[in-house]
Novice: 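I am attaching a structure below and will ask some questions about it afterwards.
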Amino acid sequence: MAGTITIKNGYVFDPLNEINGEIMDVFIKDGKVVRELSAAELKNAKVIDASGMTVMPGGVDSHSHVAGAKVNAGRAMRPEDHYKANLQKTSLTHSGSGYTVPSVYKQGYDYSTMGYTTVFEAAIPPLEARHTHEEMHATPLLDMGGYLVLGNNFFMMHYLREGDMEKAAAYVAWMMKTHKAYGIKCVNPAGVENWSWGKNVSSLDEANIHFEITPREIIKGLTEINEHLGMPMPVHLHANNLGHPGCYAITKDSLKISDGVKTRQDMDVEWAETKIDPSRNRSVYLSHLMFNGFAGTTWADCESGVKYVADYINNKDHVVTDSGCTPFGEATVMTGDGPAIHDLYTLTGNKWSNTDVEMECGSGVLPFTYYKSNPVHSLQWAMGLECLLLINDPWKTIMTTDSPNGGPFTKYPEIMTWLMSEAFRKQTFSECHKWANDRSTLGGINRELSLYDLAILTRANPAKTIGMAHRKGSLGVGADGDVTVYNINPQQLDANNYETLLRTFRKAEYTVKGGEVVAVKGEIVSLPEKRTYYSEVHVEDEREKEMLTDVKEWFRYYTLGFANYPTPEKYLQNPTPIQVNVVR
Ligand SMILES: [Zn+2]
């Protein structure tokens with residue numbers, strides 16, 4: 001029976017069901033977790049003996065750059081990245097190459113062998129949605145979806161400036177359906193539009209050129225629309241002034257804007273059984289806190305400001321953030337925040353690509369290496385870990401590298417080990433520039449995360465945050481049969497023995513996807529089909545009609561015809577729309 005399997009006797013870590021290392025069997029039938037299997041089903045089921053091992057739901061990455069124009073620009077501009085990491089073809093798998101920006105096949109296999117089964121692309125420019133879907137389609141093994149970049153979109157800024165929230169909401173709904181996108185991404189609000197004129201914005205209340213709208217108005221408007229429509233996830237915010245000394249202040253002030261906004265997640269889906277409420281309860285999802293967390297005034301006096309933002313998040317309940325850790329080594333920075341990448345270009349002189357995606361958004365790409373000997377890079381390493389260790393409640397944090405910005409996702413095992421092992425952190429302190437210790441609080445933190453905490457940071461909370469916990473991030477009855485088995489015996493876990501942890505996290509013993517074993521000890525063994533999720537958001541037909549009159553009128557300035565704008569479903573593997581805001 002395909003997709004039917006028993007994972008026996010493992011130590012199970014399933015935070016959405018408050019299961020913390022109990023020895024249990026996990027049963028999966030036809031791809032879904034079930035309470036038990038009948039005697040006949042048991043006879044035919046595949047069995048994994050997980051005795052003495054750690055069992056978690058499949059990994060969920062809620063912020064990674066894996067598909068679309070800027071990722072491909074990174075691949076194209078970095079031949080040197082492709083000499084460094086190669087993958088031979090096998091009778092089952094394609095060949096692949098690329099270390100920080102792997103080819104589509106390689107990235108699917110690499111995520112899968114680490115135990116991940118679900119990855120969401122963090123930024124889809126509307127006009128590049130087809131390209132993004134083509135690459136997601138070609139990425140094997142991973143269930144995927146992506147967030148639509150709307151913070152500097154012509155129509156959004158126009159409607160928000162006019163205060164026409166009905167049309168703005170109708171536009172968001174139509175854009176999600178049209179581009180088969182899942183949630184709202186907002187990058188450097190008002191600033192990216194100014195970048196079309198070679199400028200940026202410097203405060204939350206500075207109106208941008210022509211549209212005369214401020215970052216505060218955009219964040220506020222998008223948050224209200226998001227909750228009005230009942231979107232699966234909060235507005236995903238990449239705050240202004242990213243990557244500059246002192247930026248923590250504007251980050252903290254940006255988070256305050258959505259304080260008090262009532263969350264409303266209105267999805268017509270079947271929810272897997274969980275012990276704790278799997279629906280989302282945050283009104284803002286801040287991306288890569290590390291890059292938004294610098295204090296100081298210049299690169300000479302800069303220090304970590306993560307503690308100030310962490311203090312705020314510890315005292316409030318409307319924020320969730322991912323870390324954007326920088327684990328040292330090669331990276332390729334890529335973001336819709338064009339001016340931020342330009343500033344890095346002027347700092348480094350590295351090769352640089354910059355694109356304006358007509359009137360909708362923009363992006364920049366640049367190769368970057370984080371050195372242990374560099375004071376700022378060392379500080380960034382410490383700050384990334386502070387993001388996950390200074391925020392007390394793990395349900396407010398998600399582990400990422402903002403791949404490949406802080407480093408490739410294949411470095412997750414290092415980050416997991418730093419989080420679990422103070423000894424490993426001390427070892428790294430001894431190798432890197434003293435700024436890491438002198439200008440952050442990391443050296444004084446002796447918190448070591450447990451396997452349960454890690455399961456929250458890498459499975460349960462990313463799924464809950466983005467509204468996928470109805471089927472991902474848990475092993476509750478009805479959840480997708482996505483499971484990771486690590487060869488770690490929690491009874492014999494020794495955080496000082498970090499080499500073993502590193503080795504174990506790099507290659508999951510088993511990765512199971514939809515009840516099928518897809519990877520064993522670093523080898524891909526099967527390639528089942530995957531799904532692509534998007535939000536089909538419902539608004540009144542009249543509202544949509546009125547809004548479309550405006551859009552069609554302006555469309556003569558686009559370089560393509562209106563009929564060619566939408567991404568047809570055939571671009572998606574197993575398109576799985578999530579019905580949002582359905583009138584009942
Ligand atoms: Zn990102």
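Sequence positions, counted from 1, serve as the residue numbers for this chain. These figures come from a predicted structure and were not determined experimentally. In each ligand, atom 1 is the first atom listed, and ligand 1 is the first ligand listed.
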Novice: Which atom name would you report as the N, O or S atom of D402 nearest the Zn ion (ligand 1)?
Specialist: OD1
Novice: Would one find more than 12 heavy atoms of other residues, nucleotides or ligands at under 6.0 Å from atom NZ of K507?
Specialist: no
Novice: Would you say OH of Y565 has more than 12 non-hydrogen atoms from neighbouring residues, nucleotides or ligands within 6.0 angstrom?
Specialist: yes
Novice: Assess H65: does it contribute an N, O or S atom lying under 2.8 Å from the Zn ion (ligand 1)?
Specialist: yes
Novice: Are more than 12 heavy atoms from other residues, nucleotides or ligands located less than 6.0 Å from atom NZ of K84?
Specialist: yes
Novice: Hey, is the main chain of G98 close enough, under 3.5 Å, to the side chain of D81 for a donor-acceptor pair?
Specialist: no
Novice: Just wondering, is there an N, O or S atom on H63 that's nearer than 2.8 Å to the Zn ion (ligand 1)?
Specialist: yes
